[in-house]
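Residue numbers start from 1 in every chain, and the chains themselves are labelled A, B, ... in the order their sequence lines are given, proteins ahead of strands. All values below come from the heavy atoms of this structure, side chains included, with hydrogens, waters and symmetry mates left out. Worth saying up front: this structure is predicted, and the values here are computed from it rather than measured.
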Protein chains: 2
Amino acid sequence: MTFEEAKDTFIHTWGTLATQWGISRSMAQLHALLLISPNSLSTEEIMEQLQISRGNASMTLRDLMDWGLISKQLKPGERKEFFWAEKDIWKVARQVAKERRRREITPVVEVLNELKNIPTDTPEAQEFQRVMTGLSNVVGFADSTLNAVIKAEENWLMSQFIKVFR
Amino acid sequence: MTFEEAKDTFIHTWGTLATQWGISRSMAQLHALLLISPNSLSTEEIMEQLQISRGNASMTLRDLMDWGLISKQLKPGERKEFFWAEKDIWKVARQVAKERRRREITPVVEVLNELKNIPTDTPEAQEFQRVMTGLSNVVGFADSTLNAVIKAEENWLMSQFIKVFR
DNA sequence: TTAAACTTTCAAAATATTTTGAAAGTTTAA
DNA sequence: TTAAACTTTCAAAATATTTTGAAAGTTTAA
């Protein structure tokens, strides 16, 4: 496999994995492109390489910055903005875990805790409460796992997992 | 909050969480409905409660069965099929982890391992290999975590996590 | 067998999401 | 200031996904 083939395979595979986990394809592909680029890229270069429009590039770059996965870089003597992705994949994973937890898990935990408190005056309501309690536990577990990933140092995390999940 | 309100809130919240994680809204909502229903439901009842068409109900029920989250039940003397969801949420989580790992993570692990092996004859290719190695580690970590969830007994899993991630 | 009572399939319609590109906005050098 | 070099915004277009419902298929009681 040549380098160019490998690059295309990677950008494509990464985009597919992302859509399966509810992240937009453009965002994943643009992130993939920056991840494997040794130097920062201008909007022009990104548009060219991924064959996307200026508007799309601009919006996707902003989303990636909101997620804290890429940064702007200004080069002396250049008017253009260049973009650069964090390359330490453990940092990337921690950042993604942090954002997803904040945006998606925490709100659900709160709703479930409210729903646990309805009066259990009918058999239906009792069953409902049982299910809410179960979900609350499992979602809480997911929440703690993400939180552990967020707080963890790479080596500590790996060693713990090797210990527990060998 | 009345029981009916709680029920609607739950079906809605669950649908939203699901779409954010790449699971279709109908699938999550139909699953939610069956989860909180004390007895199994016929296709008619499901169509009625969620206001969806017969075709949609039929397809979504099949998807849920493919995911191993619900089963058919035949009632003596009835021609209709009734559907019922596994209520043990830890079992549900294990099943979801198993399916997502099989469908989504394992294929990516394989692709990444291939991509790690391209010749590193240029600086670009070297950078590429570094990133692939990093991703391979992190995705491998996710893979192991899911696998641990799959293999785990509820109590053992909880106790391990309390120990490690307190 | 037949036909009633169901379920499934799938092309077309509806809906949701993503993408485009031109216009508006912003920044900076001179 | 001005105007060139950029970036952002957003309505419209393109595309992708989901949903519908009628037709086809299947099962079962008689």
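Distance, B/L61 CG to C/dT7 C1': 11 Å, rounded to whole Å. To the nearest angstrom, C1' of C/dA12 lies 15 Å from CG of B/N56. In this structure, CD1 of B/I23 is placed 16 Å from C1' of D/dT17, rounded to the nearest angstrom. Counting to the nearest Å, the P atom of D/dT19 and the CD atom of B/Q51 are 13 Å from each other. In this structure, the CE atom of A/M27 is 15 Å from the C1' atom of C/dT17, given to the nearest Å. Atom P of nucleotide C/dC6 and atom NZ of B/K80 are separated by 5 Å, given to the nearest angstrom. When the C1' atom of D/dC6 is taken as reference, atom CD of A/E45 falls 15 Å away, rounded to whole Å. In this entry the distance linking CD1 of B/I46 with P of C/dC6 reads 15 Å, nearest Å.
In terms of phosphate contacts, A/S24 brings no side-chain nitrogen or oxygen within less than 4.0 Å of OP1 or OP2 of C/dT18. Residue B/R79 has no polar side-chain atom (N or O) positioned under 4.0 Å from OP1 or OP2 of D/dT26. At C/dC6, none of the side-chain N or O atoms of B/T43 fall inside 4.0 Å of OP1 or OP2 (strictly under the cut-off). Look at B/R54 and you'll find a side-chain N or O under 4.0 angstrom from OP1 or OP2 of C/dT7.
Salt bridge annotation for B/E81-B/K75: absent, with no cationic side-chain nitrogen under 4.0 angstrom from a carboxylate oxygen. Between B/E124 and A/K7 there is no salt bridge, since no side-chain nitrogen of the basic residue lies less than 4.0 Å from a carboxylate oxygen of the acidic one.
In terms of polar N and O atoms assigned as donor or acceptor, the side chain of A/R25 never comes within less than 3.5 Å of the base of C/dT18 in a complementary pairing.
Nearest nucleotide to the A/R62 side chain, out of D/dT9, C/dT9, C/dT20: D/dT9. Relative to the side chain of A/S58, the nucleotides C/dT18, D/dT8, C/dT8 differ in distance, and D/dT8 lies closest. With C/dT20, D/dG21, C/dT8 as the candidates, the nucleotide lying closest to the side chain of B/S53 is D/dG21.
Within a 6.0 Å sphere centred on CZ of A/R103, heavy atoms belonging to other residues, nucleotides or ligands number more than 12.
Criterion: ILVMFWY side-chain heavy atoms under 4.5 Å apart, direct or through other members. Under it, A/W21 and B/L135 are part of a common hydrophobic cluster.
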- Task: Determine, stepwise, if the pair B/I89 / A/N137 fulfils side chain to side chain contact (heavy atoms under 4.5 Å, CB included).
- Result: CA-CA 9 Å; B/I89 307 297; A/N137 289 339; over 6 Å; no
- Task: Would you check, one step at a time, whether the test salt bridge (Lys or Arg N to Asp or Glu O under 4.0 Å) holds for B/K87 with A/E127?
- Result: CA-CA 10 Å; B/K87 298 283 177 87; A/E127 179 71 4; 2.5 Å; yes
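A donor-acceptor pair under 3.5 Å links the side-chain atoms of A/E45 to the main chain of A/S42, judged by distance alone.
A/G15 and A/A28 make their closest contact through CA-CB, 4.0 Å (heavy atoms, listed as atom of the first residue, atom of the second, distance).
Toward the 5' end of DNA chain D, the nearer of the two residues B/G55 and A/M65, judged by each one's closest nucleotide, is A/M65. Across the interface with DNA chain C, nearest-nucleotide mapping of A/I52 and A/L74 shows A/I52 to be the residue nearer the 5′ end.
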- Item | Dot-bracket summary - DNA chain C, pairs being Watson-Crick or G-U whose distances fall under 3.5 Å, with | when paired to another strand | ||||||||||||||||||||||||||||||
